[in-house]
Amino acid sequence: MSMHLVDHGGVTDHGTLLWIGDRDSNAYCDAYDFCESHVSQLAYRVDLKSALLRPASAVRTILCCRDNDSAESIELFQTLCRLHGDAKAVLLLGPLCAGARPSPADLFDVPTIHWHQWESFLPGYLRRCGWANPPSGAPQSIAVVASSYANASALLSIASSGPASAIWCRPDQLATLHRFDEIWWDDSATEGESWDRLMDRLVDPPREHVWVSGNITPKSKSAAMEAGVDLVIAKPGDFSLLIDRAAGETGFGQRRAA
């Protein structure tokens, strides 16, 4: 499993996240709530025109929600990027953008994140906006479930980077797991299995479940969450959430509006 760690600025950079577009629909509300609680400064603008007419200060990351595959607003977007020359820009693509040609990434010439994979790729961009979180509640034990040690090795490395003890467990050994704080599921262990069947094998369920997969779709993510999975991470992707999770960095200071 390859790891793609995205770090678009130091953790001591307390710039502003500029969120543009929808923040209330099902496609975006979870990502917005995450940003609102994790950055030190957040500026919300309903659209690109508002962002230009009422400029935010100290913008370090621009997140623009795209509801469809329309090429409109490219000039406004480029003007906004020039206005905030030190900022990194990213598009958060809604469901109607799936399979769009040409892709929004090509049209706008910035990275894109699909709405159902925001957990996997967005956190790295927030490091430019005050990701200054004190350690709190680090797990003491993590079991990595994978079909082989080779498949488990990258997750084991992350899991053991904090204070937790970490072990590898094959899917056929699930009944032997006892008193683990978290289980991190590699997709080599979940492929072809139903989540209900996997969960039923656990004699002593842990507090938290994390699923790391290279084939995440809205349907598969929903099925995992309904079965009790707390966090879904795409691979290859940004593993910031896993690294912070292992270190116990889950508490965040009060956000400042901008």
Side-chain angles (χ1 to χ4, degrees), residues 6-67 77 80-81 83-84 86-95 97 110-137 208 210 216 218 221-222 225 229-234 237-245 247-258:
V6 181
D7 189 356
H8 300 289
V11 295
T12 58
D13 187 343
H14 291 271
T16 298
L17 169 67
L18 174 58
W19 179 293
I20 302 168
D22 187 4
R23 61 179 175 180
D24 298 318
S25 70
N26 289 337
Y28 303 121
C29 62
D30 288 344
Y32 183 85
D33 289 346
F34 181 85
C35 291
E36 188 176 40
S37 61
H38 283 60
V39 302
S40 61
Q41 296 185 111
L42 187 148
Y44 171 72
R45 303 293 185 263
V46 66
D47 54 29
L48 287 166
K49 289 182 179 178
S50 297
L52 287 169
L53 290 173
R54 189 160 60 95
S57 60
V59 174
R60 299 288 286 145
T61 297
I62 300 170
L63 187 151
C64 184
C65 297
R66 297 294 300 171
D67 297 318
F77 181 78
L80 183 71
C81 290
L83 177 64
H84 302 290
D86 294 330
K88 296 288 185 180
V90 60
L91 300 182
L92 187 58
L93 304 182
C97 291
V110 296
T112 59
I113 300 172
H114 290 284
W115 64 276
H116 62 281
Q117 295 186 334
W118 67 265
E119 295 104 326
S120 303
F121 300 99
L122 182 56
Y125 290 91
L126 302 186
R127 293 188 178 278
R128 300 171 59 85
C129 304
W131 185 297
N133 44 342
S136 63
E208 306 282 342
V210 177
I216 295 173
K221 177 181 177 180
S222 177
M225 303 292 273
V229 174
D230 302 280
L231 179 64
V232 179
I233 297 289
D238 176 8
F239 278 34
S240 298
L241 284 184
L242 284 181
I243 294 170
D244 287 345
R245 194 180 188 96
E249 296 181 352
T250 56
F252 294 86
Q254 185 176 3
R255 178 184 59 85
R256 299 190 302 274

Residues in side-chain contact (heavy atoms from CB on, under 4.5 Å) contact with Asp30, at least two apart in sequence or another chain: Trp118

Ser37 side chain vs Asp33 backbone, donor-acceptor pair below 3.5 Å: yes

Donor-acceptor contact present, side-chain Ser240 to main-chain Pro123, <3.5 Å: no

Approximate separation, where rounding is to 0.5 Å, of Leu17 CG and Tyr44 OH: 12.5 Å

Side chain to side chain donor-acceptor pair (under 3.5 Å) partners of Asp230, counting only residues at least two apart: none

Trace of the side-chain contact (heavy atoms from CB on, under 4.5 Å) decision for Asp67 with Tyr28: CA-CA 10 Å; Asp67 297 318; Tyr28 303 121; 3.1 Å; yes

Residues which pass side chain to side chain donor-acceptor pair (under 3.5 Å) with Gln117, listed by chain and number, not counting sequence neighbours: none

Residues that Ala87 engages under side-chain contact (heavy atoms from CB on, under 4.5 Å), provided they are two or more places apart: Val59, Ile62, His84

Under 3.5 Å: donor-acceptor pair, side chain of Arg60, backbone of Asp86: yes

Nearest-0.5 Å distance, CG of residue Leu42 to CZ of residue Arg23: 8.5 Å

Gap between atom CZ of Arg245 and atom CZ of Phe239 - 0.5 Å precision: 13.5 Å

Test side-chain contact (heavy atoms from CB on, under 4.5 Å) applied to Pro95 - qualifying residues, sequence neighbours left out: Ala27, Trp115

